[in-house]
There are 2 protein chains.
Amino acid sequence: MPTIRDVAKEAGVSSSTVSRYLNKNGYVSEEAKKSIHAAIELLRYRPNEMARSLATKKSQMVALLVPDITNPFFTELAKEIEEQAYQYGFTMILCNIGNEHEKEKQIIEQLQQQYIAGLFIATKQIEASYYEKLQIPMVAVDRVLSEKIPTVKTNHFLGGQIACQHLMACGVENVLCIRASSEEDVANERIAGFYSCAQTLQIEEVISAYEVEATKILVLEKLQNRTYEAIFASSDAMAIGTLKAIQQMNLRIPEDIQLIGYDGIRMTEWTTPTITTVAQQITQIGQRAVRCLWKQMQNEDILERHQLVAPILIKRNSTKGE
Amino acid sequence: MPTIRDVAKEAGVSSSTVSRYLNKNGYVSEEAKKSIHAAIELLRYRPNEMARSLATKKSQMVALLVPDITNPFFTELAKEIEEQAYQYGFTMILCNIGNEHEKEKQIIEQLQQQYIAGLFIATKQIEASYYEKLQIPMVAVDRVLSEKIPTVKTNHFLGGQIACQHLMACGVENVLCIRASSEEDVANERIAGFYSCAQTLQIEEVISAYEVEATKILVLEKLQNRTYEAIFASSDAMAIGTLKAIQQMNLRIPEDIQLIGYDGIRMTEWTTPTITTVAQQITQIGQRAVRCLWKQMQNEDILERHQLVAPILIKRNSTKGE
DNA sequence: ATGAAAGCGCTAACAT
DNA sequence: ATGTTAGCGCTTTCAT
């Protein structure tokens with residue numbers, strides 16, 4: 001592989017001139033530009049990112065930290081962010097953190113050594129202060145880490161409202177609300193939004209783990225004791241578990257009981273019946289997150305520290321209504 | 001961040017000695033070892049991977065190239081490989097290639113500049129000769145790129161046989177076989193295996209795109225004209241599309257028509273009914289792939305160039321039988 | 001067993 | 001506008 005010096009020699013200039021040409025900073029005469037360009041083509045030269053990073057202490061890599069890569073929401077997010085970041089010339093590293101604090105810190109340490117240019121954080125296991133100390137451009141995606149750290153997330157309060165309004169428009173008067181642990185802020189917001197519109201709606205609330213199977217078992221039990229006109233599952237994975245439980249009870253959807261999910265992952269259109277859901281606009285989240293990181297790298301001002309993306313209702317067959 | 005020279009100074013030795021200590025090559029006295037160890041602890045020193053890579057022309061990163069990160073099979077595979085690779089001290093970069101030849105070549109070029117230590121290739125858009133020229137340890141995952149390139153994949157011929165045998169055991173006499181394009185070797189193998197057991201079974205074959213919706217439309221049309229006792233969908237995504245089509249026709253599964261899928265992705269246990277499927281053992285594929293790459297890095301002999309992993313039947317509710 | 005020195009490929013003052 | 005020089009943090013001969 002040719003180096004910058006090979007190019008310089010071939011073009012009859014010094015390597016600094018080539019470097020300036022490459023980085024488009026400093027002056028380079030038109031003449032030099034031409035010969036350098038030709039030399040690069042001739043030698044099929046590509047700058048070595050490693051050497052570049054070592055010299056500048058900045059790489060062209062950004063990383064996305066997620067708790068579980070097999071969770072479809074995160075994969076869809078990863079895809080969007082990867083594509084966007086690629087447009088800006090960055091390579092995205094996807095890091096699956098799992099639930100171990102230690103692994104996350106270790107991985108971040110490694111990323112720092114690689115002079116990672118920026119971080120998208122979709123995990124939440126470490127104290128915010130740890131991230132703040134990092135001194136790396138970063139944006140929290142779909143969760144608030146702290147006031148200071150720029151954030152792009154869905155307006156979950158609005159999402160909760162949308163879910164509630166839809167159910168009420170479907171003539172529902174009592175509903176079972178399946179939510180994640182109250183430690184999860186995003187869950188709290190969804191539920192708060194839901195309540196904020198509830199008016200005379202009767203709500204029973206229950207906490208479930210994220211897994212499909214766990215939710216199924218839980219709902220099965222619930223349905224044994226009591227009937228509901230509708231169920232609001234605050235994630236689509238839970239909605240699928242709920243669907244399975246309802247079907248196992250031989251209840252019809254939406255005739256006997258209506259169901260609305262949350263997230264908008266692809267799978268909700270593959271079930272029978274398809275599931276009405278409050279969809280997060282993942283593409284937009286990805287775009288904004290990347291732009292936000294980009295601005296930080298350019299030291300531009302970030303006008304809104306916390307950006308909210310509105311979710312939208314996707315009406316399918318698990319609810320009545322229009 | 002402290003450098004190797006800081007450690008050397010603190011330990012009262014030269015940086016070469018520290019380097020030798022770090023890489024466990026060359027001689028280092030017990031005494032030196034102790035003081036270096038202490039210095040490292042004291043300064044919380046971590047070697048800079050970039051600098052290391054630049055000097056050695058080898059990084060600690062491996063990459064997995066997939067055509068579509070939102071395809072659950074690949075995410076599950078990615079998770080396994082990531083975890084395995086992490087055990088060996090590697091960071092895995094997940095690269096979503098999409099369908100563009102150009103992007104794949106560009107990305108590989110970038111990876112080379114980063115002195116990528118190894119490649120897991122789960123795409124198939126480029127001529128095998130391109131990969132062979134690369135001079136990077138690599139393993140083809142779930143597809144054969146060429147004779148020369150080490151491969152770990154499911155024994156799809158066996159998988160096809162398993163599917164066929166199961167259907168026959170379920171009393172099926174005629175079946176619709178939904179397959180991917182004949183350009184996909186893995187599809188060909190599955191189908192070949194299926195036929196190899198078919199005996200008196202009547203088989204109708206049809207080609208479908210991978211997408212759930214596309215398959216649904218196709219199957220819907222098929223079912224309009226004719227009835228089948230069973231359908232073999234050669235991927236789970238297709239199986240889900242098929243399921244939807246069958247249900248839309250108001251046929252019962254498995255009473256009116258039985259269904260078997262292929263891949264073993266999580267989703268098949270979330271549909272109603274759950275789908276019987278021939279499951280690829282992704283964990284094992286991941287483990288073997290990483291070990292195979294590792295061996296190449298150690299210049300160990302690779303006993304079997306092409307490793308086959310046996311798939312297993314997961315019997316669920318979309319088929320009759322035991 | 002250890003250190004000095006050169007170099008990996010690039011960037012960034014600084015001088016011209 | 002361009003070249004010289006000195007690193008970035010590490011590895012690796014080659015002496016000693």
Side-chain angles (χ1 to χ4, degrees), chain A residues 1-37 39-40 43-61 89 109-117 135 297, chain B residues 1-37 39-40 43-61 89 109-117 135 297:
Chain A
M1 287 197 152
T3 75
I4 198 171
R5 277 185 260 271
D6 298 326
V7 175
K9 193 178 298 174
E10 179 68 33
V13 297
S14 79
S15 58
S16 357
T17 306
V18 179
S19 172
R20 275 190 290 266
Y21 169 84
L22 255 21
N23 299 297
K24 306 190 197 309
N25 57 18
Y27 303 92
V28 181
S29 68
E30 280 309 315
E31 192 186 3
K33 278 183 187 168
K34 281 218 180 71
S35 57
I36 291 172
H37 180 79
I40 288 177
L43 302 174
R44 313 198 74 253
Y45 167 79
R46 294 285 172 273
N48 180 316
E49 290 301 334
M50 288 260 156
R52 196 173 240 180
S53 307
L54 187 61
T56 60
K57 306 199 174 210
K58 274 270 157 292
S59 78
Q60 290 300 299
M61 294 187 287
E109 207 169 61
Q110 276 190 35
L111 292 172
Q112 279 190 291
Q113 287 164 27
Q114 320 218 10
Y115 297 122
I116 198 85
Q135 295 291 59
M297 296 181 189
Chain B
M1 288 196 151
T3 74
I4 198 171
R5 277 185 260 273
D6 298 326
V7 175
K9 193 177 297 175
E10 179 68 34
V13 297
S14 79
S15 57
S16 348
T17 306
V18 178
S19 174
R20 275 190 291 267
Y21 169 85
L22 253 23
N23 299 297
K24 305 190 199 311
N25 59 16
Y27 303 92
V28 181
S29 68
E30 280 309 315
E31 194 186 2
K33 277 183 188 169
K34 281 218 179 73
S35 57
I36 292 172
H37 180 78
I40 288 178
L43 301 174
R44 312 197 75 254
Y45 166 78
R46 296 281 172 277
N48 180 317
E49 288 303 333
M50 287 261 156
R52 195 174 241 181
S53 307
L54 187 60
T56 60
K57 306 198 174 212
K58 274 270 158 292
S59 77
Q60 291 299 298
M61 294 187 287
E109 209 168 58
Q110 277 191 35
L111 292 172
Q112 279 190 292
Q113 288 163 27
Q114 320 219 11
Y115 297 121
I116 198 84
Q135 295 291 60
M297 296 181 189

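Below, chain A is the first sequence line, B the second, and so on; all start at residue 1.
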Sequence-aligned protein contact record of nucleotides 10-16 of chain D, with B where the base is within under 4.0 Å of a protein heavy atom and S where only the sugar-phosphate is: BSB----
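Atom CG of B:D6 and atom P of D:dC8 are 10 Å apart (whole Å).
Side-chain contact between A:L22 and A:R52 is present, with heavy atoms from C-beta onward closer than 4.5 Å.
Residues meeting the salt bridge (Lys or Arg N to Asp or Glu O under 4.0 Å) test with B:R5, sequence neighbours left out: none.
Although no hydrogens or angles enter the test, the distance criterion places no donor-acceptor pair under 3.5 Å between the side chain of B:T17 and the main chain of B:V13. No donor-acceptor distance shorter than 3.5 angstrom exists from the side chain of A:S19 to the backbone of A:S15, with no hydrogens or angles considered. Judged by distance alone, the side chain of A:N23 and the main-chain N or O of A:N25 form no donor-acceptor pair under 3.5 Å.
Here the OG atom belonging to B:S29 is positioned 11.5 Å from the OH atom belonging to B:Y21, to the nearest 0.5 angstrom.
Of the residues listed (A:T3, A:D6, A:I4), the one engaging A:V18 in a side-chain contact (heavy atoms from CB on, under 4.5 Å) is A:I4, and it is the only one.
We find that B:K34 and B:E31 are not joined by a salt bridge, their nearest charged nitrogen and carboxylate oxygen being 4.0 Å or further apart.
Close approach of DNA chain C to chain B, defined as any atom under 4.0 Å from a non-hydrogen atom of the protein, starts and stops at C:dA1 to C:dG9.
Projected onto DNA chain C by closest heavy-atom contact, B:L54 and B:A32 fall at different nucleotides, the more 5' of which corresponds to B:A32.
When the side-chain nitrogen and oxygen atoms of A:S14 are compared with OP1 and OP2 of D:dG3, one or more of them lie within a distance under 4.0 Å.
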